[in-house]
Amino acid sequence: PLTFLYASFTITAGTVTLSNFCTVDVSSDIVIEANGTFDVGNSYINVGRSWNNSGSFIYGTSTVTFYTTYISTLTGSTTFYCLKCETSAKELQFTEKSTQTVTSIFTLTGTSGNLIKLRSTVSSSLWYVQFPNSSQSVNYVDVKDSSACIKTVTANYSTDSGNNFNWIFPNNPPTIS
């Protein structure tokens, strides 16, 4: 499998198609502009900072992972096959009123005392997430201003910071002493 490393990755127009099982590591931003198409097949896309989609993202059976400790902003509504973040103390910000759809696996895993924060870019304005047919593994997150559509999200060992709809927080994060 091929691995491509980029500081940032922008598609202004036309289509970028990835070969099967390649990995694209972008230490900063991925930008898909209005006239751009990103066809990723079954590749692995690692995003260091932000995801900005105003074009077309053809997700195939790919996995998009947010991997650095920088705050990441997801701008625009996107459908992902697998969406993943397993970086403790990471913050993911979602553009207000945007909808992120995950069709296969949604994985968010922080750690005790280092929860992954999920926030709207505008406080008290909702961002949306939906899982029409997908599974989810959500643990050690801190969620605010989110509405889960279609299916409820179960966030284990997590914090409800308010204004959340269709999220279940069955147990609090363990206390560190």
Side-chain angles (χ1 to χ4, degrees), residues 6-11 24-34 36 38 40 44-57 59 62-103 105-131 134 136-169 173:
Y6 298 96
S8 61
F9 188 85
T10 300
I11 302 168
V24 175
D25 285 323
V26 180
S27 60
S28 190
D29 305 332
I30 290 183
V31 178
I32 307 166
E33 293 185 358
F38 194 17
V40 297
Y44 300 94
I45 313 299
N46 300 316
V47 183
R49 291 200 180 183
S50 296
W51 176 274
N52 186 332
N53 180 21
S54 58
S56 178
F57 178 64
Y59 57 86
S62 64
T63 299
V64 175
T65 302
F66 289 86
Y67 72 95
T68 67
T69 56
Y70 292 107
I71 293 173
S72 290
T73 303
L74 284 79
T75 302
S77 296
T78 301
T79 298
F80 298 96
Y81 184 73
C82 293
L83 181 61
K84 182 176 180 179
C85 179
E86 297 178 314
T87 303
S88 297
K90 175 81 171 168
E91 183 170 335
L92 297 174
Q93 296 181 349
F94 301 86
T95 303
E96 68 168 324
K97 300 178 185 170
S98 69
T99 300
Q100 308 311 315
T101 302
V102 182
T103 65
I105 302 169
F106 182 59
T107 304
L108 297 173
T109 308
T111 58
S112 181
N114 292 293
L115 307 180
I116 296 173
K117 286 186 176 181
L118 307 176
R119 298 290 188 264
S120 173
T121 54
V122 177
S123 186
S124 299
S125 292
L126 293 176
W127 61 276
Y128 302 89
V129 62
Q130 60 184 4
F131 317 92
S134 65
Q136 52 183 280
S137 175
V138 180
N139 301 289
Y140 297 104
V141 297
D142 175 347
V143 188
K144 184 177 180 191
D145 298 325
S146 179
S147 181
C149 307
I150 301 174
K151 285 186 177 178
T152 300
V153 178
T154 300
N156 295 298
Y157 311 109
S158 297
T159 299
D160 179 355
S161 287
N163 198 28
N164 296 306
F165 302 91
N166 296 321
W167 285 77
I168 297 172
F169 299 88

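It should be emphasised that the depicted structure is a prediction, and the values quoted were computed from it without experimental measurement. Atom set for the values below is all heavy atoms of this structure, side chains included, hydrogens, waters and symmetry mates excluded.
Under the 30°/60° scheme for interplanar angles, the aromatic rings of Y157 and Y140 are found to lie parallel. Ring orientation note: the planes of W167 and W127 are nearly perpendicular, at an angle over 60° on the 30°/60° scale.
A centroid separation of 6.0 Å or more is found between the aromatic rings of F80 and Y59.
Distance check: L74 CG to S50 OG gives 7.5 Å after rounding to the nearest 0.5 Å. In this structure, I30 CD1 and I11 CD1 are separated by 8.0 Å, a value rounded to the nearest 0.5 Å. Rounded to the nearest 0.5 angstrom, E86 CD and Y67 OH are separated by 15.0 Å. For the atom pair I116 CD1 and T111 OG1, the distance stands at 8.5 Å (nearest 0.5 Å). Between atom CZ of residue R49 and atom OG1 of residue T68 there is a gap of 7.0 Å, rounded to the nearest 0.5 Å. The CZ atom of F9 lies 13.5 Å from the OG atom of S28; values are rounded to the nearest 0.5 Å.
The side-chain contact (heavy atoms from CB on, under 4.5 Å) test with L115 singles out one residue from V141, L108, D142, and that residue is D142.
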task = Could you walk me through whether K144 and S123 pass the side chain to side chain donor-acceptor pair (under 3.5 Å) test, one step at a time?
result = CA-CA 8 Å; K144 184 177 180 191; S123 186; 3.3 Å; yes
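The shortest side-chain heavy-atom distance between K84 and I105 does not fall under the 4.5 Å cut-off.
Considering every non-hydrogen atom in both K151 and S134, the closest pair reads NZ-O, 3.3 Å.
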